[in-house]
2 protein chains.
Amino acid sequence: MQPKEGWTLKIGELSKATGASIRSLRYYEKQGLIAPVRTESGYREYHKFAVEQVKTIRLYLNLGLSTEQIAGFLHCVLMNEEAFCREVLPVYRQKLKEIDEQIQTLVRIRSNLEERIQSILSERTDNESTEGTNDEH
Amino acid sequence: MQPKEGWTLKIGELSKATGASIRSLRYYEKQGLIAPVRTESGYREYHKFAVEQVKTIRLYLNLGLSTEQIAGFLHCVLMNEEAFCREVLPVYRQKLKEIDEQIQTLVRIRSNLEERIQSILSERTDNESTEGTNDEH
DNA sequence: ATTGACTCTGACATTAATGTCACGGTCTAT
DNA sequence: ATAGACCGTGACATTAATGTCAGAGTCAAT
């Protein structure tokens with residue numbers, strides 16, 4: 001049964017669509033990050049939006065945030081329940097601050113790295129004229 | 001024995017100077033991230049540079065990099081063995097790419113968050129004139 | 001009705017980073 | 001030389017995220 005129009009996914013389909021393992025999807029659910037409904041027979045039924053949601057979750061996870069941290073603001077970011085979210089404003093602000101810090105940190109690392117690269121490059125062209133300056137990719 | 005001039009640290013001192021636990025410092029060593037020398041009696045003796053090194057390590061760890069990944073380029077970043085580092089250039093470039101992606105992602109998340117905040121704020125002043133517009137900090 | 005692909009739950013395993021505890025050696029001051 | 005603070009190793013525990021496996025139910029097609 002191909003996902004027809006704007007429909008629901010079973011867990012295996014969602015897994016393939018997002019790259020997250022089935023195991024992980026169930027884990028995310030237990031952590032309160034996604035909430036599929038259930039069919040009569042107990043199968044998980046995911047809204048099509050879940051694809052984006054899960055991708056977002058994985059993205060956060062890759063940045064070193066924990067499911068707990070993510071859970072702290074994800075229902076607001078993902079679902080559009082602004083009304084419900086008013087009380088959550090300080091949380092947003094806090095997150096914003098944290099993200100800013102992370103960005104700063106990354107930028108610092110980035111320029112550090114770039115400096116290193118530059119210094120290697122300049123030393124190289126210094127000693128060995130131009131040999132192996134090719135990008136190997 | 002206070003660290004006099006440009007001297008060495010024992011593990012406890014390094015721990016206090018960096019915020020990393022003694023346990024973690026030993027772990028970093030086992031992972032090949034730092035290499036203190038040993039006194040006759042077997043005590044670890046850290047160079048004063050180790051303070052910066054460890055801070056850098058923790059920074060990377062906080063960004064979700066593993067000790068293994070860090071080890072992959074840290075000897076180059078930390079020690080100034082550029083000559084030895086030439087072969088490691090592609091690794092640098094790869095990292096740089098990853099970091100750029102992470103930054104991009106974060107920036108995206110950031111503006112998403114900011115949008116949310118704005119929309120909550122505007123909705124609020126929309127409905128309730130000016131009540132509770134105070135920052136709760 | 002039977003098969004095969006999919007799903008469910010639950011349990012156990014694993015990896016990374018860290019904590020903690022036990023037991024023993026070291027260093028310094030008294 | 002004895003105490004107290006520090007250090008060494010090794011073992012076991014823990015947390016987070018994920019893998020894997022077992023036993024059973026579901027669904028679709030034949």
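Since this is a predicted model, take the numbers as computed values, not measurements.
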Identify each atom pair where a protein N or O and an N or O of nucleotides 14-17 of chain D are less than 3.5 Å apart, giving names and distance.
| unit_1 | atom_1 | unit_2 | atom_2 | d |
| --- | --- | --- | --- | --- |
| D:dA17 | OP1 | A:Thr67 | N | 2.8 |
| D:dA17 | OP2 | A:Tyr27 | OH | 2.8 |
| D:dA17 | OP2 | A:Thr67 | OG1 | 2.5 |

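When rounded to the nearest whole Å, the span between CZ of B:Arg23 and C1' of D:dC12 equals 11 Å. Here C:dT9 presents its P atom at 13 Å from CG of A:Leu25, a figure rounded to the nearest Å. The interatomic distance linking A:Lys10 (NZ) with C:dT7 (P) rounds to 6 Å, in whole Å. Between the CZ atom of A:Arg58 and the C1' atom of D:dT18 there is a distance of 10 Å, given to the nearest Å. We find that CG of A:Leu9 is positioned 11 Å from P of C:dT7, with the value rounded to whole Å. Between A:Ile11 atom CD1 and D:dG25 atom C1' the separation is 16 Å, expressed in whole Å. Rounded to an integer number of Å, the gap from A:Leu14 CG to C:dT7 P is 10 Å. For the pair B:Glu29 CD and D:dG8 P, the interatomic distance rounds to 8 Å; values are reported in whole Å.
Between B:Thr8 and B:Tyr43 the shortest side-chain heavy-atom distance does not fall below 4.5 Å. Side-chain atoms of A:Val54 and A:Tyr46, non-hydrogen and from C-beta on, never get closer than 4.5 Å to each other.
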Side chain to side chain contact (heavy atoms under 4.5 Å, CB included) between A:Lys55 and A:Glu52, worked out: CA-CA 5 Å; A:Lys55 282 183 182 171; A:Glu52 278 317 302; 4.0 Å; yes

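The heavy-atom pair separating A:Pro36 from A:Arg44 by the smallest distance is CG-CG, 3.5 Å. Annotation for B:Ser15 and B:Ala20: closest pair OG-O, 2.7 Å, computed over non-hydrogen atoms. Residues B:Ile34 and B:Leu25 share a closest heavy-atom pair of CD1-O, 3.6 Å.
Between C:dC27 and B:Ser41, a contact under 4.0 Å exists linking OP1 or OP2 to a side-chain N or O. Side-chain N/O atoms of B:Arg38 include one lying less than 4.0 angstrom from OP1 or OP2 on D:dT9.
Along DNA chain C, the nucleotide closest to A:Lys30 and the one closest to B:Arg26 are compared, and the more 5′ of them pairs with A:Lys30. Along DNA chain D, the nucleotide nearest A:Ile22 and the nucleotide nearest A:Tyr43 are compared for position; the residue whose nucleotide lies closer to the 5' end is A:Ile22.
Nearest nucleotide to the B:Arg44 side chain, out of C:dC8, D:dT9, D:dC7: D:dT9.
Considering only residues two or more places apart in sequence or on other chains, A:Glu45 meets the salt bridge (charged side-chain N to carboxylate O under 4.0 Å, His left out) condition with none of them.
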